[in-house]
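Throughout, protein chains are lettered first and strands after them, A, B, ... in sequence-line order, and every chain is numbered starting at 1. Fair warning: this is a prediction, and the values are worked out from it, not measured in the lab.
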There are 2 protein chains.
Amino acid sequence: MNKPFENSTICEDSQLLLQKAARDQIETVWERHQAQQPQCGFCEMGLSCRNCVMGPCRVDPFGEGPQKGVCGADADIIVARNLGRMIAAGAASHSDHGRDLVDVLGEVGSGNGSGYQIRDPEKLKRVAAEYGVATDGKDDFQIAAGLADAMKEDYGCKQKSITLISRAPAKRQELWNNLGVTPRGIDRETSEMMHRTHMGVDNDWQSLLLHGVRNALSDGWGGSMIATEVSDILFGTPTPRATRFNVGVLAKDQVNIIVHGHNPVVSEMVLHAAQSEEMLQLAESKGAKGINLAGVCCTGNELLMRHGVAMAGNHLSTELVLSTGAVEMMLVDYQCIMPSLATVASCYHTKMISTSDKARFPGMEHQEFHPENAAETAMTVVRQAVENFANRGEAFIPVDSVDALGVF
Amino acid sequence: MNKPFENSTICEDSQLLLQKAARDQIETVWERHQAQQPQCGFCEMGLSCRNCVMGPCRVDPFGEGPQKGVCGADADIIVARNLGRMIAAGAASHSDHGRDLVDVLGEVGSGNGSGYQIRDPEKLKRVAAEYGVATDGKDDFQIAAGLADAMKEDYGCKQKSITLISRAPAKRQELWNNLGVTPRGIDRETSEMMHRTHMGVDNDWQSLLLHGVRNALSDGWGGSMIATEVSDILFGTPTPRATRFNVGVLAKDQVNIIVHGHNPVVSEMVLHAAQSEEMLQLAESKGAKGINLAGVCCTGNELLMRHGVAMAGNHLSTELVLSTGAVEMMLVDYQCIMPSLATVASCYHTKMISTSDKARFPGMEHQEFHPENAAETAMTVVRQAVENFANRGEAFIPVDSVDALGVF
């Protein structure tokens, strides 16, 4: 006989928590996915279009119904446009995260980045040299300000190509040039993709897909690469770390705080606050044996690779981590954060805190993090988490599920 | 008894041409719209979502099926995200058109804009002053280069707000500031909208709609306003004009050239070529009594308001204009150009020319216009149009349909 929920996930901790969630009458992503079956075949194949108000249109893949939208676009055009907009959304998301980091770098450079530092000054100088930013006779802050300014140019439309594309092999750069897909500006390629995919603009699937390549490169060699480099400069370049993972990393006798999202600007400050003597003493006074910070999803990874912080779960198990009833607080910034999380949390004592000005969620308390208030705000929310320890009810942590990865 | 196609359109010329199109077995936007009925109610109401690959999802408006997508987004969030992406596409399109004009202004300023001129130097100076661009002791070209550079900053992310927002009344600016919807950069707001509407980012319909306002303002007081100002500077500020309209403006005994799209960068040069002595003589030698340039859609309007050029039709009648069989050439740039046009044209002698590097169409010949080759390319294509006059077969122009607007 199969174990319960064995077909839902291969993770034993998730199987156990799916049972608990069912007992607690908590709806999870698994049930919502089931309820959506069968998913619309037109939308799934990219054969439907609502890019203009003459639509919505759909093309019949079996050749019996209409083969063209109202404007005359056929299946190839419609699919290419839909894929193009998916690329635009992905490129915009990664790159907008990169922009936030560049903003912090600029604030640190101008002396307004309270609490943030230049943790890898060598990398700062190396990247500044790539951007042609003068470093001689300048201190780290001046270099940071200059680099942030230069990186912002990559987001604009004054350049013929983004800067870090020069890292690609010469032969590859030549190929991209010949195809006309060398990205000029990060936001520019996203905007042009949204333009091209509008009604009556680009109606050639090859031309659309080539711009998709350009838009993707504007992120891969632009926004995403900038995000990585600036994260390393601000928070330190990662090294191999030993860590533990799965929901069993939650501690029965400690204050459990989970960070979720993408932006180390929030999670690094929360880690700092959670390790402060003041908060550790407060935790002790509340009967907790410490403060246990763990991550889920990508922010978890940021903390893991820089500080060895444990990973409690992945994107799909974020609701299940809450359903343990053992989490005092989950802090979120943006990307991959299910809007259902606060509903799950409301069945327990867990406090849900949203932190970004560009991502709010139903039922969450909003405590906005900005460079100038980040250190202070992190202390405020960690204090709330610690004070919430007393409210924990019956909790279930599948402790046997914890796995460990040694130094590798 | 109703007249044929009376329910399809109130325009008599279109009614007559719909009859001809039916006789010629030409499929038009009317038939394609009919074939799409009934349109998908989920897509039409914005209740479906395919922003991530856990979907596609749909919310049942009658409350019987699922009320949430797989991620947990409810109807309010899904509708707000879909509207947000429509705003992003519209803002990106208008603004990308504005960017093309700024590029031409910059080329003219640097002496590479062969054929283009500064037609309204007074306006150039006025707008330059608004942008804080120095004008004292500088010639028009230097000012144009400086203004183009300053306008490109509006597309970037270094500013706290776009420049022309200062034209709004102070009270209105204060309201926008208080709501946090003052646009910072044109492309930036579009990119942020694509980011916010991705899975797990902004999940608050009010927050999403407020960013929709910011994104729309980034176009309305940014890209679109820049497009208008730069068009006036390059092509002259429009004045009230007498003109004629409807498909009867096509001439039975002249070479008919139609321009279609949005970008005066193409249409102005084509007008210039069509009025050249060389082309008029060529037309005469081919038995035509002249060259009749007419517009459809927005490019038609650009020529109408600056030169009184007649309007042969609107967006919906573009196929019907071709179905007269009296058009030697239609030139298109981008926006609102149905990909069906070349199919219609292929039933007659009409040549279809696409001109923009960012918009290609099935079955069209591609002759790319750039500032440095625009004058020459315009002569080339007009020559092809004139030479095509001899290939015209039986044509039907509903001449009685022509209407006129006097000086107003």
Side-chain angles (χ1 to χ4, degrees), chain A residues 29 32-33 35-36 39-40 42-44 48 50-51 54-58 66 68-73 77 88-89 92-93 95-96 99 149 152-153 155-158 187-188 190-192 194-204 207 334-340 343 358-362, chain B residues 29 32-33 35-36 39-40 43-44 48 50-51 54-58 66 68-73 77 88-89 92-93 95-96 99 149 152-153 155-158 187-188 190-192 194-204 207 211 334-340 343 358-362:
Chain A
V29 65
R32 291 193 300 272
H33 185 262
Q36 286 291 339
Q39 288 169 297
C40 172
F42 292 103
C43 278
E44 189 148 36
S48 59
R50 59 173 169 214
N51 292 9
M54 297 196 296
C57 298
R58 40 192 174 181
K68 288 180 178 174
V70 175
C71 72
I77 296 169
S93 300
S95 298
D96 201 42
R99 187 201 329 266
D149 216 47
K152 284 178 187 171
E153 287 293 339
Y155 283 86
C157 60
K158 288 185 174 176
D187 290 330
R188 176 184 192 154
T190 295
S191 284
E192 187 172 315
M194 294 308 288
H195 179 197
R196 281 180 185 246
T197 51
H198 216 332
M199 200 278 297
V201 188
D202 203 353
N203 280 278
D204 177 305
S207 167
Y334 46 60
Q335 298 175 13
C336 298
I337 294 149
M338 297 192 201
S340 59
T343 310
K358 58 184 84 165
R360 298 188 180 224
F361 301 86
Chain B
V29 65
R32 291 193 300 272
H33 185 261
Q36 286 291 341
Q39 289 168 295
C40 173
C43 278
E44 190 148 35
S48 58
R50 59 173 169 215
N51 291 10
M54 296 195 296
C57 298
R58 41 191 174 182
K68 286 180 178 175
V70 176
C71 72
I77 296 170
S93 300
S95 298
D96 200 41
R99 187 201 330 266
D149 217 48
K152 285 177 187 173
E153 287 294 339
Y155 283 86
C157 58
K158 288 185 176 176
D187 290 329
R188 176 184 192 155
T190 295
S191 283
E192 187 173 316
M194 295 307 289
H195 179 197
R196 280 179 185 247
T197 51
H198 215 333
M199 199 278 297
V201 187
D202 204 353
N203 279 279
D204 177 304
S207 169
H211 190 73
Y334 47 60
Q335 297 177 12
C336 298
I337 294 149
M338 297 192 201
S340 58
T343 310
K358 59 185 84 167
R360 298 188 181 224
F361 300 86

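- For the residue pair A:Arg50 and B:Cys43, the shortest heavy atom distance occurs at NH1-CA, 3.5 Å.
- Of the listed residues (A:Arg58, A:Met338, A:Gln39, A:Lys358), the one with the most heavy-atom contacts under 4.5 Å to chain B is A:Lys358.
- No other option in B:Cys40, B:Ser207, B:Ala35 has as many heavy-atom pairs under 4.5 Å with chain A as B:Cys40.
- When the side chain to side chain contact (heavy atoms under 4.5 Å, CB included) test is applied to B:Thr197, the partners found at least two apart in sequence or on another chain are B:Asn51, B:Arg81, B:Arg85, B:Met193, B:Leu208.
- With respect to chain A, the highest number of heavy-atom pairs below 4.5 Å among B:Pro362, B:Ala359, B:Ala73, B:Pro66 belongs to B:Ala359.
- With A:Tyr155 contributing its side chain and A:Ser95 its backbone, the two residues share a donor-acceptor pair below 3.5 Å.
- Both the backbone and the side chain of A:Ser48 come within contact range of chain B, judged by heavy atoms closer than 4.5 Å.
- Interface check for chain A: of the options B:Ala92, B:Gly72, B:Ser93, the most heavy-atom pairs under 4.5 Å are formed by B:Ser93.
- Scanning both residues, A:Arg99 and B:Ser191, for their nearest heavy atoms gives NH2-CB, 3.8 Å.
- Taking chain B as the reference chain and counting heavy-atom pairs below 4.5 Å, the highest number among A:Glu153, A:Met194, A:His33 is found for A:Met194.
- Considering only heavy-atom pairs separated by less than 4.5 Å from chain A, the leading option among B:Ala88, B:Cys336, B:Gly156, B:Ser340 is B:Cys336.
- The main-chain N or O of A:Gly200 is never found under 3.5 Å from a side-chain atom of B:Gln335 such that the two would form a donor-acceptor pair.
- Ranked by heavy-atom pairs under 4.5 Å with chain A, the first of B:His198, B:His211, B:Lys68 is B:His198.
- Every residue meeting the ring-ring contact (aromatic ring centres under 6.0 Å, His included) condition with B:Tyr334, not counting sequence neighbours, appears here in chain and number order: A:His195.
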query: Between A:Arg360 and B:Asp202, is a side-chain contact (heavy atoms from CB on, under 4.5 Å) present by the stated rule, with each step listed?
result: CA-CA 5 Å; A:Arg360 298 188 180 224; B:Asp202 204 353; 4.0 Å; yes
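- Looking only at heavy-atom pairs under 4.5 Å with chain B, the residue among A:Asp204, A:Val201, A:Thr190 that has the most is A:Val201.
- The most heavy-atom pairs under 4.5 Å with chain A, out of B:Met54, B:Glu44, B:Arg196, B:Lys152, come from B:Arg196.
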